[in-house]
Every structure is written in C-alpha cells, then in structure tokens.
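All of these numbers come straight from a predicted model, not from anything done at the bench. The sequence lines fix the lettering, A, B, ..., with proteins before strands; numbering per chain opens at 1.
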There are 2 protein chains.
Amino acid sequence: METINLNRLAYFVAVVDAGSFTRAAARLGITKTVVSQQVARLEADLQTSLLLRTTRRVEPTEAGRLLHARSVIILREAEDAFGEVAEVTTNPIGTLRIAAPNDFGTSTVAPLLAKFCRTYPACSVDLVLSDAKIDLIAHHIDVSIRVGWLDDSSQQARRIGAFRQLLVAAPDLARTISADVPDNIDQQPFIANGALREPLVWHFSRADFDRRTVRMRPAMTINATPAVLAATLAGGGLSVLPDFLVADPLQTGALVQILPDWSLPSGGIHTVYPAARFRPPKVTAFVAMLEAEVKRPPIAPHGSTTS
Amino acid sequence: METINLNRLAYFVAVVDAGSFTRAAARLGITKTVVSQQVARLEADLQTSLLLRTTRRVEPTEAGRLLHARSVIILREAEDAFGEVAEVTTNPIGTLRIAAPNDFGTSTVAPLLAKFCRTYPACSVDLVLSDAKIDLIAHHIDVSIRVGWLDDSSQQARRIGAFRQLLVAAPDLARTISADVPDNIDQQPFIANGALREPLVWHFSRADFDRRTVRMRPAMTINATPAVLAATLAGGGLSVLPDFLVADPLQTGALVQILPDWSLPSGGIHTVYPAARFRPPKVTAFVAMLEAEVKRPPIAPHGSTTS
DNA sequence: ATGCACTGTGCGCTATTCGCATACAATGTG
DNA sequence: CACATTGTATGCGAATAGCGCACAGTGCAT
C-alpha cells in the first residue's frame, strides 16, 4: 500500500453521512465538484467503487460501507489527537521540566513549585538541578534557569531578573568588624567561592560615585556555593553570597550583612529555552510566576543589618 | 478544528521513528527538504513545536510525543482499512446480492449457489427473487439477471447466454398429436403465459428456411410462468416454456416436446450491473460461473422427444 | 405527458501545494 | 581545525485543490 491520501477520507465520510454530494460539500464548505472529484480519486486509488450514484440517491457499496465504518473511527481519533495537542498548546498542562543551578533551584525555584502546582493543577513539574550546562533537548528540558554572568555563547537567554551579592558574616565575627568602608576589609578571614570566575577581587560601590576594589585573602576556598554558606554560618569568615541564599539567615539573624551601604556587582537571572518555534503555555506560565517572584527583591537594597 | 492535513502525520511519524529527517526522507523515498517543510507546516497548523531540532539530534517535544503515539495508531488503522478494502477489491469475498426473476432464479440460480458458496467460502449470497424491475442501488443489488427480451431502456445489460422456448405437453396429451408441421397445432388446447408480451402468436422455424406463424387459441391464460408449467404438467394443454424450466420434466418424461424439429425464438439471459466504475471480484466470479452454467444448454437443439 | 428543480459530473481555469535540486549555517568528530 | 553530516531557506517545475460554469439524468408536481 503506497501512501493513500488520508484527507480524502473526510470527504468520503461526509458524503456517506450526508447521503449526498451536494450536502456534503455544503457541510465541508467547498464546491460539490471538488467533493465529487476527490471521492473519485479515492476510488481510483483503491481501485474500487465506494459509492453508487444516481442523481437522486447516493448509496455506498459493500467496500464503501466497510471503509466508511473504519474511516469514521480514524477521523474521530485524529480529531481527538489534534484536540489533545491543542489542549497542550493553549493551556498550561503537562509535565514541565525545569533545569536550574543547585543553589538557586533549592532556595528559590523549589519553594515556588508548590505555588505553581497549586495554581496549575494540570501541570506536574520535574526540577533538574545541576550546575553544569546540560543539553536541553537531550534532557527534554522546557526551560533552563541560568544565574550569574552569561558567557557570550548563550545568545538566546532572556533576563528575567537580577540578584545582588552581599558581603556577610556570622554575628560573632561581624561584631569584631567596625569598618564602614571596604578599604581594610581584606584583613578579615574570607571564604572564597571557587565556583566563581574571580572569587577574590570585589568591586564595591556606593551612591553612584564611590568605588573601591578589594582583593580578599582566602582563609578557605570552597567550590560549591551552598557549602560556602554553611561555612559562613559556622563563623569561618566573611563571604560574598547571592541575596536569594542569605535572605533567610539575615532575617533570622544567623548572618549579618557587612558594609550594607556598599553594593557589589549584581548578576542576572536568565531563562534559556530550547530552540522551538512555539512556546508551550506551561513554560510561559511558570516563567511569569518565577519572574514575579524574582522581581520582588528579598532584601531591600541599601538596607541595614538585621542584627 | 478546521481540517488539518492528515497526510503530514505520516511524515511526522517517520521522522520521530527514524530519529532524523534525513533517514525519514530516505525511508519515505522523498527529499529531506519536503519532510522538513511538511513537518514545519504541521507545526504551523497546530501552532505547536512538535520536534526540537539540532543538526545532530531530533527530539520530540511533549506535544510531539503525544501526537506521535496517537498518529501511529491512526496510521496503522488507516492501513488496516485500506488493506481490508483491497481484500474486497482483489478477492471474491463478502456478501453478494443477486436479483433474478422467480422462474430462472428458482430453476437455475438457486441450484448454482451451492456450488458458488463451496468454491468461494469467503462469500455469502443473498438471492432476491422478483419479476419486477427493482432499483438496484436502493436494494444493494450487485448483479441483476434479466431473462427474455430487454426493452431498449436497459442499455447497460450484457448478454451472457440464451434460452430456447419449447412447445411442450404432458405425455397423455402429446400422444394425441401426430402433426410434424405447426400448421394445425392451433387446434390443440393452449395454456397462454400472460407474463409475455405476445402470448399467442408464435413463429416456428426449421432449418433456416421453413417458417410458419401460428396464432394459438388459449384454453387458459396464466400470468406466472411456474403456474403455467404446473398446468401443463397436469395435462391442461400445450404451452411454450423456456428450456431451463422444462429440462427436468423432459428428462423424466413428465413432459414431452412437440414438434422437436421446429424452433421458437430464443431469448437472452442478461446481467445488469449498477453503474459502478469498478466491479468487485465476487460479482465477476459469480457471473463467470453462471455464464458457464448457462452456456451448457440443458436440451440439445433439435433433439428428439424423450418419451 | 411535461416543465421544473435538483442531482452528480465534465471542463477550463487559477492558486496552492508537493516535491526536487541546490546552497548554506550549524554542529559534532577526527 | 578540516570535514562530514544535519536541518533549513530558496527557487523552480509539476501536481493537486478548488472554483464557476455548463450539462445530462432523475424525481416531482403539475
């Protein structure tokens, strides 16, 4: 069987159902000429008469009745399939696979998932945490969240928010620091984040004009941000951490911000999508929710310490 | 959902199955350009990305996986349906509905059905006996058998054989007739067949040159041929009957042919088909069998009486 | 009988689509 | 970093879809 035109089945079924070429054409919104010709071609393809025509009546042959019964099922199934696809393309539904870095995923994305699943009960979520860049299409990732500073290669990233970096310390250590300018801060023990490209050199700025660059002396270097946080909480030294990680410790007083009047370079929160022409609503819905969450800064800029 | 092109489903499925546009194109025997474009159009129709493409890998999206699963089923069902139709169009199979006159149907067609059903076990037969002309397509008749002399209206009839008309009588009556020329036969009691157009005037012929026309005097007129036969068997008079009806009585001696050297006009046995482009094999097979049966004349022409 | 309305189909025509060949950007692979 | 391979964009010819029109056949109401 070498590839018979499936579209003609719809015409044929319409004629049988309507009992007339003319009515079928009206129902299909095309000329009766076309219906007649299409059915004729279907018959030619199958080498069978499917319909016996009089000017007054159209009656299916045995082969016609056979094919009609099958075609009705086929067409209904096709309609169902298209309907299902349409459902996915118009409503947030289905499984959403999100890739995110470990720290941001744990601190921000994961808590947001509860709300997302509550808002869109037809969605389920797979959160894939990884700090490495993974192949989006190979892993069926719908949206990947990249935090920090993008290298030029990821062109198709879209910035949905920013995060600030805060110099923090455990309260006991913070009490020993009285400086209100960064100049001598490099005398303090520093926990370097080995995951950053430049973990030691930090550019402080204040009020649009005051700028200082300080090279910290690492008391220790840890290449995973959550571990840096843990060490900092334990009083191991100062460290620079993103706001979304230290919001809670600052709130509870487990950490204290040092030099709160000075800002460090802020980074971007980006979404990256696999190259697709159309974006499913589940992705749009989630990104909208994440963007709202991320635009509401967890720490007011230039706020004071919470101790 | 306004009529999505079903043919593209095959292309899409081929790509997913092959995991590559190029391999799918090879499998389909067309260019990869076409496959790419067709899938792109399907996606445009559905307003959805079905495939995520890299030059190295092609992976279906969630909608794509959904549609793939459905499409595989749809395509398989379509193939099944076409296969079933092909079965009907190539092999004698299915229900064969035959229309025939009461007399010929009873005497000739009905006995033949046993052989037909034995030869083609995949066929079942509906024999519709009626002396009136019925609407072939309204009654789903595959082939109608007309016996006798067609009026000009039935153009699409095909002659598959002939029958002879025989002047017969019961043996007791036949013994009283000694004539060997038709001239005085009109003195005998005659049973007229009211179903004929001209039941009384008969044209006898012998050996290509001897011709006589006789007008019989009806002792009785009966408008159903089988009843004429019954009256003749009962000795009610001479009558003219088709060979297929009197073959058995002549064989057993229940009837005797009168003037066996003289012939009466013979009639045709015709098939009439509903106007269809293609003829199903079940019809062809049956007509072939009927033609063979009918071509073998039940009574040798110019044979002698069997008394 | 006889218009008459209506059926399905054939014909000429145009717009769209199918399909091919070629060229090209992107991406792994050695 | 050359190289092969992938999917896509482009231009072009052929096939198809679809339209309007005209026409023969058929049932219905006179």
Side-chain angles (χ1 to χ4, degrees), chain A residues 2-12 14-16 18-45 49-61 64 133 135-138 152-156 274-277, chain B residues 2-12 14-16 18-45 49-61 64 133 135-138 152-156 274-277:
Chain A
E2 53 284 337
T3 184
I4 285 180
N5 193 327
L6 293 178
N7 295 327
R8 304 205 231 262
L9 292 184
Y11 295 76
F12 166 66
V15 172
V16 174
S20 142
F21 280 77
T22 305
R23 279 195 294 276
R27 223 183 65 183
L28 293 168
I30 56 176
T31 323
K32 56 181 180 173
T33 307
V34 179
V35 181
S36 169
Q37 199 186 48
Q38 291 298 316
V39 173
R41 290 201 187 192
L42 177 60
E43 290 178 309
D45 288 348
S49 290
L50 299 171
L51 298 173
L52 297 176
R53 306 122 156 106
T54 315
T55 55
R56 202 58 202 156
R57 188 178 18 258
V58 172
E59 204 80 26
T61 65
K133 261 170 209 157
D135 183 341
L136 296 191
I137 71 165
D152 51 355
S153 74
S154 18
Q155 295 284 20
Q156 58 261 30
R277 287 175 178 73
Chain B
E2 55 283 338
T3 185
I4 284 180
N5 193 326
L6 293 178
N7 294 325
R8 305 205 231 261
L9 292 184
Y11 295 77
F12 167 65
V15 172
V16 174
S20 142
F21 279 78
T22 305
R23 278 194 296 274
R27 221 182 68 183
L28 293 168
I30 56 177
T31 324
K32 58 180 180 173
T33 306
V34 180
V35 181
S36 169
Q37 199 187 49
Q38 291 299 316
V39 173
R41 291 201 187 193
L42 177 60
E43 290 179 309
D45 288 348
S49 290
L50 299 171
L51 299 173
L52 298 176
R53 304 123 157 107
T54 316
T55 55
R56 202 60 202 156
R57 186 178 18 258
V58 172
E59 204 80 26
T61 65
K133 261 169 210 155
D135 183 340
L136 296 192
I137 71 163
D152 51 356
S153 74
S154 19
Q155 295 285 19
Q156 58 262 29
R277 287 174 178 74

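- Nucleotides of DNA chain C nearest to Arg8(B) and Asp135(A) differ in position, and the one nearer the 5' end is that of Arg8(B).
- Between Gln38(B) and the phosphate of dC18(C), there is a side-chain N or O to OP1/OP2 separation shorter than 4.0 Å.
- Taking atom CZ on Phe21(B) and atom C1' on dA26(C), their separation rounds to 15 Å, with Å as the unit.
- In this structure a side-chain-to-backbone donor-acceptor pair under 3.5 Å is present from Glu43(A) to Leu51(A).
- Considering only side-chain N and O atoms, Thr22(A) lies under 4.0 angstrom from the phosphate OP1 or OP2 of dG8(C).
- Not one side-chain nitrogen or oxygen of Asn7(A) sits closer than 4.0 Å to the OP1 or OP2 atom of dA17(D).
- Look at Tyr11(B) and you won't find any side-chain N or O under 4.0 angstrom from OP1 or OP2 of dT17(C).
- Across the protein-nucleic acid pair, Leu6(B) atom CG and dA17(D) atom C1' stand 15 Å apart, rounded to whole Å.
- Applying the 3.5 Å distance criterion, the base of dG25(D) shares no donor-acceptor pair with the side chain of Thr54(A).
- Between Arg57(A) and dG8(C), a side-chain N or O to OP1/OP2 separation shorter than 4.0 Å is absent.
- When heavy atoms are screened at a 4.0 angstrom cut-off, Arg23(B) is found touching no nucleic acid atom at all.
- For Leu42(A) and dT9(C), the CG to C1' distance is 17 Å, given to the nearest whole Å.
- For the OP1/OP2 pair of dT7(C) and a distance below 4.0 Å, the side-chain nitrogens and oxygens of Ser20(A) include no atom meeting the criterion.
- Per the geometry, CD1 belonging to Ile30(B) stands 13 Å off P belonging to dG7(D), to the nearest Å.
- If you run side chain to side chain contact (heavy atoms under 4.5 Å, CB included) between Phe21(A) and each of Val35(A), Val34(A), Thr31(A), only Val35(A) comes through.
- The phosphate of dT27(C) (OP1 or OP2) has no side-chain N or O of Arg53(B) nearer than 4.0 angstrom.
- When the nearest nucleotides of DNA chain D are assigned to Val34(A) and Ser36(B) by heavy-atom distance, the more 5′-ward of the two goes with Ser36(B).
- The phosphate of dA17(D) (OP1 or OP2) has a side-chain N or O of Arg41(A) nearer than 4.0 angstrom.
- Checked against salt bridge (charged side-chain N to carboxylate O under 4.0 Å, His left out), Arg23(A) has no partners two or more places apart in sequence or in another chain.
- Atom CZ of Arg277(B) and atom CG of Leu52(A) lie 10.5 Å apart (nearest 0.5 Å).
- For the pair Ile4(B) and Leu42(B), the minimum side-chain heavy-atom distance is below 4.5 Å.
- Residue Val58(A) is in sugar-phosphate contact alone, with no base atom involved, counting any heavy-atom pair closer than 4.0 Å across all strands shown.
- Between Thr55(B) and dG28(C) there is no side-chain polar atom (N or O) within less than 4.0 angstrom of OP1 or OP2.
- Contact annotation for Asn5(A): backbone-only contact, meaning every heavy-atom pair under 4.0 Å involves sugar-phosphate atoms and none involves a base.
- Remark: C1' of dG7(D) and CG of Leu51(B) are 11 Å apart, rounded to the nearest angstrom.
- Taking 4.5 Å as the limit, every side-chain heavy atom of Arg56(A) sits out of range of all side-chain heavy atoms of Asp135(B).
- Rounding to whole angstrom units, CD of residue Gln37(A) and C1' of dG8(C) are separated by 13 Å.
- Note: NZ (Lys32(A)) to P (dC6(C)) measures 10 Å, nearest angstrom.
- Here the P atom of nucleotide dG8(C) and the CZ atom of Phe12(A) are 14 Å apart, to the nearest Å.
- Comparing dG27(D), dT10(D), dT27(C) by their nearest atom to the side chain of Arg56(A) picks out dG27(D).
- Distances were taken from every side-chain heavy atom of Thr33(A) (C-beta onward) to each of dG7(D), dC21(D), dC20(C); the shortest belongs to dC21(D).
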